[in-house]
Protein chains: 2
Amino acid sequence: MTEKAPITPSLPTVRRLPTYLRLLKELQDENQQYVSSTYIADRFQLEPIQVRKDLAAMGIVGQPRLGFVVADLIAAIMQFLGWNNTTKAFLIGAGNLGSALIGYSGFAGYGLNIIAAFDVDNSKIGTRIHNIEVFPLEKLPDLAVRLHIHLGILTLPAAAAQATADMLVQTSITAIWNFTPVKLILPAGVIVEKVDLAASLAVLSCSLKEKFLLNMSGEAENG
Amino acid sequence: MTEKAPITPSLPTVRRLPTYLRLLKELQDENQQYVSSTYIADRFQLEPIQVRKDLAAMGIVGQPRLGFVVADLIAAIMQFLGWNNTTKAFLIGAGNLGSALIGYSGFAGYGLNIIAAFDVDNSKIGTRIHNIEVFPLEKLPDLAVRLHIHLGILTLPAAAAQATADMLVQTSITAIWNFTPVKLILPAGVIVEKVDLAASLAVLSCSLKEKFLLNMSGEAENG
DNA sequence: TAGATTGTTAATCGATTAACAATC
DNA sequence: TAGATTGTTAATCGATTAACAATC
């Protein structure tokens with residue numbers, strides 16, 4: 001029992017990991033064996049100490065003077081995120097956004113595999129989108145249980161989001177990647193991760209407004 | 001000069017505003033005149049005090065016992081986010097995701113108006129996606145300046161992201177909504193807001209892994 | 001009035017940053 | 001060795017939460 005207590009990385013730390021991973025894979029392609037926190041921080045305009053803390057949170061140890069072994073870092077992050085193993089997912093709502101996600105080839109690198117899509121639109125049911133079949137929504141519960149699906153990707157109209165999510169969590173699905181603008185209310189224990197375009201756009205809008213106001217006041221002063 | 005100093009809301013606050021706005025519009029449709037921070041908090045599993053702080057940060061004042069006037073809240077948030085005014089944007093990369101964003105009708109409610117798309121793919125150039133024309137990328141600088149476009153939406157392959165962003169900021173574009181997985185490095189003053197799918201998926205993956213491990217240990221104990 | 005809700009002021013919490021000894 | 005980089009410990013910063021008087 002001399003092992004260190006495994007510190008669970010904070011949410012901000014987890015969110016930075018994919019960015020590190022991306023760079024590390026680049027470095028590996030360039031046959032770089034070592035990388036320092038200084039270098040990583042430089043590339044992303046972060047503080048070296050923050051990078052070290054992030055890596056330390058996953059239990060990775062570096063070598064003074066040399067830094068970290070690139071291959072080890074990649075392995076540790078992949079392991080930590082579970083991106084070595086494939087996670088099967090159902091996508092619900094085969095509209096514009098849903099189709100785009102089905103067609104996104106990058107998910108393979110994250111271990112995410114969308115194996116079927118579902119919709120209520122008869123014109124979509126039975127078709128294939130990027131070679132993924134679209135099933136009627138009624139078939140989801142049965143298929144989810146039989147195929148041991150735990151993750152649902154929600155890309156349907158806001159109006160249907162909550163009701164559909166309620167249905168999903170009655171099946172084997174216990175985690176939802178929510179691309180709708182709806183804040184889902186679900187039983188405790190259900191994981192919901194929201195991709196919040198409106199929140200992102202709000203930040204952007206604020207920044208733009210602020211910048212605009214600054215420019216205005218600047219011009220006023222100059223005039 | 002007895003006016004209160006206008007406190008700029010924090011980033012987390014700004015990110016919560018669209019969620020409030022959504023609920024407030026619902027309440028308005030139901031002809032609710034007042035709403036309390038308690039009610040809003042309840043609906044989103046937040047603390048009432050946090051809601052009050054968020055609203056206070058925008059300079060909104062409520063009425064003890066009654067709460068806040070729904071219409072006033074909506075107006076204040078819309079005003080604060082600048083979503084009353086239309087922001088014109090160019091979209092660069094008319095692939096799956098780009099097309100999905102062009103087709104997303106919800107942006108109108110955020111004052112966002114995608115007026116043209118750009119691509120380097122000859123098979124896309126000249127076509128229309130949801131009635132938006134796709135132009136060759138070379139035409140962007142001239143058009144951006146002439147149409148006074150300040151916002152670019154980046155939905156192209158990662159490999160082209162940085163170079164294209166570098167080009168964009170040479171035009172009238174000073175803000176980028178970045179949907180690529182690349183962390184863009186751009187001159188100071190340029191606004192970049194990233195929609196980070198990888199980060200979001202990382203959080204989801206972690207939660208799933210944690211839950212899985214908990215279940216495993218639970219089963220072990222029970223066995 | 002009584003009581004629900006607001007806004008203010010202070011306390012807590014957690015993430016980031018700083019300082020620096022330890023290491024190879 | 002000298003020096004770059006690590007990991008630890010402490011300080012700072014900012015957001016959230018708590019407590020409570022003010023208000024209608």
Side-chain angles (χ1 to χ4, degrees), chain A residues 2-17 19-20 23-24 27 32-70 72-73 76-77 196 199 202-203 206, chain B residues 2-17 19-20 23-24 27 32-73 76-77 183 196 199 202-203 206:
Chain A
T2 53
E3 250 175 49
K4 268 194 197 175
I7 312 137
T8 307
S10 71
L11 225 69
T13 294
V14 172
R15 293 183 59 86
R16 281 188 292 268
L17 295 180
T19 313
Y20 298 159
L23 172 63
L24 291 165
L27 294 175
Q32 294 286 338
Q33 205 175 352
Y34 287 91
V35 66
S36 69
S37 61
T38 323
Y39 180 82
I40 297 176
D42 246 39
R43 286 287 298 262
F44 296 129
Q45 304 175 336
L46 301 171
E47 295 297 323
I49 179 63
Q50 183 168 58
V51 175
R52 286 207 297 282
K53 288 263 166 171
D54 285 344
L55 300 179
M58 283 183 299
I60 298 167
V61 284
Q63 296 172 43
R65 181 117 173 79
L66 288 172
F68 301 82
V69 177
V70 172
D72 291 358
L73 278 187
I77 295 177
D196 200 338
V203 173
C206 278
Chain B
T2 53
E3 251 175 48
K4 268 193 195 174
I7 311 137
T8 306
S10 72
L11 224 70
T13 294
V14 172
R15 293 183 60 85
R16 282 188 292 268
L17 295 180
T19 313
Y20 298 159
L23 172 63
L24 292 165
L27 294 176
Q32 295 286 338
Q33 204 175 352
Y34 287 91
V35 66
S36 69
S37 60
T38 322
Y39 180 82
I40 297 176
D42 246 39
R43 286 286 300 263
F44 297 130
Q45 304 175 335
L46 300 172
E47 296 295 325
I49 178 64
Q50 183 168 60
V51 175
R52 285 206 298 282
K53 287 263 167 171
D54 285 345
L55 300 179
M58 282 183 299
I60 299 167
V61 285
Q63 295 172 46
R65 182 116 171 79
L66 289 172
F68 300 82
V69 177
V70 172
D72 290 357
L73 278 186
I77 295 177
K183 162 89 196 206
D196 200 338
V203 173
C206 277

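Excluded from the calculations below are hydrogen atoms, water molecules and symmetry mates; all remaining heavy atoms, backbone and side chain alike, are included. None of the values given here were measured: they were computed from a predicted structure. First the proteins, then the strands, lettered A, B, ... as listed; each starts at 1.
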Take the protein atom [atom1] of [X] and the nucleotide atom [atom2] of [N], then report the distance between them rounded to whole Å.
X       : N      : atom1 : atom2 : result
B:Ile40 : C:dT6  : CD1   : P     : 8 Å
B:Arg15 : D:dA15 : CZ    : C1'   : 15 Å
B:Tyr34 : D:dC24 : OH    : P     : 12 Å
B:Leu11 : D:dT16 : CG    : P     : 10 Å
A:Asp54 : C:dT17 : CG    : P     : 10 Å
A:Gln50 : C:dG14 : CD    : P     : 18 Å

Can you name the atoms? Protein N/O to nucleotides 9-11 of chain C N/O, anything below 3.5 Å, with the distance.
unit_1 : atom_1 : unit_2  : atom_2 : d
C:dT9  : O4     : B:Lys53 : NZ     : 2.9

Selection residues 33-46 of chain B - residue pairs positive for salt bridge (Lys or Arg N to Asp or Glu O under 4.0 Å), sequence neighbours left out: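 Those involving residues 33-46 of chain B are B:Glu26-B:Arg43.
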Has A:Gln32 got more than 12 heavy atoms of other residues, nucleotides or ligands less than 6.0 Å from its CD?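 Counting neighbours around CD of A:Gln32, more than 12 heavy atoms of other residues, nucleotides or ligands fall under 6.0 Å, so yes.
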Sequence neighbours excluded, which residues qualify as side-chain contact (heavy atoms from CB on, under 4.5 Å) partners of B:Ala76? B:Ile60
Residues that A:Tyr34 engages under side-chain contact (heavy atoms from CB on, under 4.5 Å), provided they are two or more places apart: A:Gln63, A:Leu66, A:Val69
Spacing of [X] atom [atom1] and [Y] atom [atom2] [to the nearest 0.5 Å]:
X        : Y       : atom1 : atom2 : answer
A:Cys206 : B:Arg15 : SG    : CZ    : 11.5 Å
A:Leu24  : A:Thr19 : CG    : OG1   : 10.5 Å
B:Arg16  : B:Leu11 : CZ    : CG    : 10.5 Å
A:Gln50  : A:Phe44 : CD    : CZ    : 12.0 Å

Hey, are the side chains of [X] and [Y] touching, using non-hydrogen atoms and a 4.5 Å cut-off?
X       : Y       : result
B:Arg52 : B:Ile49 : yes
B:Phe68 : B:Ile40 : no
A:Lys53 : A:Thr13 : no

Dot-bracket for DNA chain C: what is it, with Watson-Crick or G-U pairs under 3.5 Å, [ ] where a pair crosses earlier ones, and | for a pair to another strand? ..||||||||||||||||||||||
At a cut-off of 3.5 Å, list every protein nitrogen or oxygen paired with a nitrogen or oxygen from nucleotides 3-5 of chain D, distance to 0.1 Å.
unit_1 : atom_1 : unit_2  : atom_2 : d
D:dG3  : N2     : A:Arg65 : NE     : 3.4
D:dA4  : O4'    : A:Arg65 : NH1    : 3.4
D:dT5  : O4'    : A:Arg65 : N      : 3.4

